[in-house]
Undergrad: 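Structure below; questions to follow.
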Amino acid sequence: MDEAGTSRVTTLDFARRKEAGEPIVMVTAYDALFASLVDAAGVDAILVGDSVATVLAGEETTLSATVDQMIYHGRIVQRGAKRALVVVDMPFLSYQVSPAEAVRNAGRILKETGAGAVKLEGGAAVAPAVEALVTAGIPVMGHVGFTPQAVHQVGHKGPQGQGEGAYQKLIRDVKALQNAGAFAIVLAMVPAVIAQRVTAATSIPTIGIGSGRRCDGQVLILHDLLGLNEAADARYLKRYADMAAEVREAVSSYADEVRKGVYPGPEHVLKV
Ligand code: KIV
C-alpha cells in the first residue's frame, strides 16, 4: 500500500502489517457490485469464499463449489475491487488429489480471474500442495481450525478443540503451512487463548473468524455482517446492519404501490 492508500494491497503488505501490529481487515464478496462497495469502504482484502455455495446458492455445505464457479465469482469480484487484495478460495477436491492438480487449478484461478492469491483449507496434509503452488509463483493463504470442506469428517460447525493437545496440533499445522510458504492463515473458530498463542508463535499473519481479537486480522462473511443472511447466528458474529428487514420493507412498499396504482407516477414515465 502507498502513502495515499491507493495502490493495490499485496501479500507483502500483510507481512508489514503484522510487523507493525496493524490489524488486517478482510471480508467476503461474490460479485462486482459488493466488491466495489467494500473496496470503497477500505478493506484490505476481499475473500471470494467457497461460502458462495451456502450464502448465495442455498446449499447446505460448501462442497458443491467448482473451480469454474470460483473463477466466475473471482473474475467479477476482481473487476469491482480496485485496491483490495482479492483472494479466491480453492474448492473441495481442487487441491487435495495431488500437488500437480493443485497447481493446475490454482494457476487457472489466478490467470482467469486476475486475483492476487488463493486460499485452501487444511494443515500439514496440504503443505506439499502449498509448497508446489508457492514454487509456481502462486501466493497461498492457509485456513485451519474449523474447515467447512471437512464438515462431514469433523461432524459439526462449532469451535475446534481446546487444551494443550489442540494447541500442539494446531501449531504443527500452522508451522507446516508457514514453512511451505503460505503468506497468511485463517484461524476459524479457534478458542481465543489458543489463537493468541498461535499468532505469537507464527511469523505470518493470522486472520481470525470466531477466534478472538488477538489475531493479526479479522474476516467475516459480508452477507452475515450486513444482516442480509438471517440464518447466520454464530456467537462470534456481529451484525453491523439489518439489511434483510430493509429489503423486505422496500420490496413490500414497491409491491404495495404497484397494486394501488401509485407506482409508476407521472415523474417515472417517458414523455413523447
Ligand atoms: O468460504 C469462506 O467464506 C471462508 C471464510 C468463512 C473464512 O472460508
Side-chain angles (χ1 to χ4, degrees), residues 14 23-31 34-35 38 43-67 69-74 76-77 81 84-96 105-106 109 113 115 117-123 126 130 140-151 154 156-160 170 173-174 177 182-190 195 198-199 204-212 215-226 228-229 231-239:
F14 272 54
I24 297 162
V25 181
M26 183 159 86
V27 71
T28 63
Y30 313 115
D31 61 56
F34 271 124
V38 302
V43 301
D44 301 306
I46 300 176
L47 173 64
V48 186
D50 59 355
S51 54
V52 65
T54 52
V55 178
L56 288 198
E59 300 278 1
E60 257 186 47
T61 73
T62 58
L63 300 193
S64 66
T66 65
V67 171
Q69 285 169 352
M70 297 314 301
I71 287 174
Y72 170 75
H73 289 285
I76 60 179
V77 165
L85 172 71
V86 174
V87 182
V88 180
D89 251 342
M90 295 195 71
F92 181 56
L93 279 198
S94 67
Y95 57 92
Q96 293 93 336
N105 285 321
I109 290 173
T113 65
V118 296
K119 173 168 89 58
L120 51 76
E121 297 179 8
V126 297
V130 172
V140 181
M141 178 178 283
H143 175 156
V144 296
F146 175 60
T147 49
Q149 292 176 15
V151 65
V154 296
H156 65 98
K157 289 188 183 169
Q160 301 308 290
L170 198 62
D173 283 337
V174 164
L177 293 170
F183 74 91
I185 301 186
V186 168
L187 297 184
M189 294 195 219
V190 172
V198 169
T199 299
I204 55 176
T206 60
I207 312 292
I209 175 163
S211 301
C215 297
D216 298 306
Q218 299 291 328
V219 57
L220 279 178
I221 292 181
L222 179 65
H223 293 62
D224 298 353
L225 83 85
L226 292 179
L228 265 173
N229 180 13
D233 61 355
R235 180 184 147 86
Y236 64 77
L237 175 64
K238 178 168 178 184
R239 289 194 181 148

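Just so you know, ligand 1 is whichever comes first in the structure, and atom 1 is the first atom listed for that ligand. Because the structure is a prediction, the values reported are computed rather than measured.
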Undergrad: Keeping Asp216 on the side-chain end and Thr206 on the backbone end, is there a donor-acceptor pair under 3.5 Å?
TA: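 Flag set: sc Asp216 to bb Thr206 pair under 3.5 Å.
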
Undergrad: To check you understand the geometry: which heavy-atom pair defines the closest contact between Ser94 and Val67, and what is its length?
TA: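 Shortest heavy-atom separation between Ser94 and Val67 comes out as CB-CG2, 3.6 Å.
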
Undergrad: Under a 3.5 Å threshold, I'd like every N/O contact between ligand 1 and protein atoms, with atom names and distance.
TA:
| from | atom 1 | to | atom 2 | distance (Å) |
| --- | --- | --- | --- | --- |
| ligand 1 | 1 (O) | Asp50 | N | 3.3 |
| ligand 1 | 1 (O) | Asp50 | OD1 | 3.1 |
| ligand 1 | 1 (O) | Ser51 | N | 3.1 |
| ligand 1 | 1 (O) | Ser51 | OG | 3.3 |
| ligand 1 | 1 (O) | Asp89 | OD2 | 3.1 |
| ligand 1 | 3 (O) | Ser51 | OG | 2.5 |
| ligand 1 | 8 (O) | Lys119 | NZ | 3.0 |

Undergrad: State which residue, out of Glu59, Glu121, Met90, His73, fulfils the side-chain contact (heavy atoms from CB on, under 4.5 Å) condition with Asp50.
TA: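 Result for side-chain contact (heavy atoms from CB on, under 4.5 Å) with Asp50: Glu121.
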
Undergrad: Which atoms form the tightest heavy-atom contact between Ser211 and Val190, and what is the distance?
TA: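 That closest heavy-atom pairing would be OG-N, 3.0 Å.
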
Undergrad: Between Thr28 (side chain only) and Leu222 (backbone N and O only), is there a donor and an acceptor less than 3.5 Å apart?
TA: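 Between the backbone of Leu222 and the side chain of Thr28 there is a qualifying donor-acceptor contact (under 3.5 Å).
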
Undergrad: If you look at every heavy atom in Ala117 and Phe183, which pair is closest and at what distance?
TA: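 Heavy-atom minimum between the residues: CB-CE2, 3.7 Å.
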
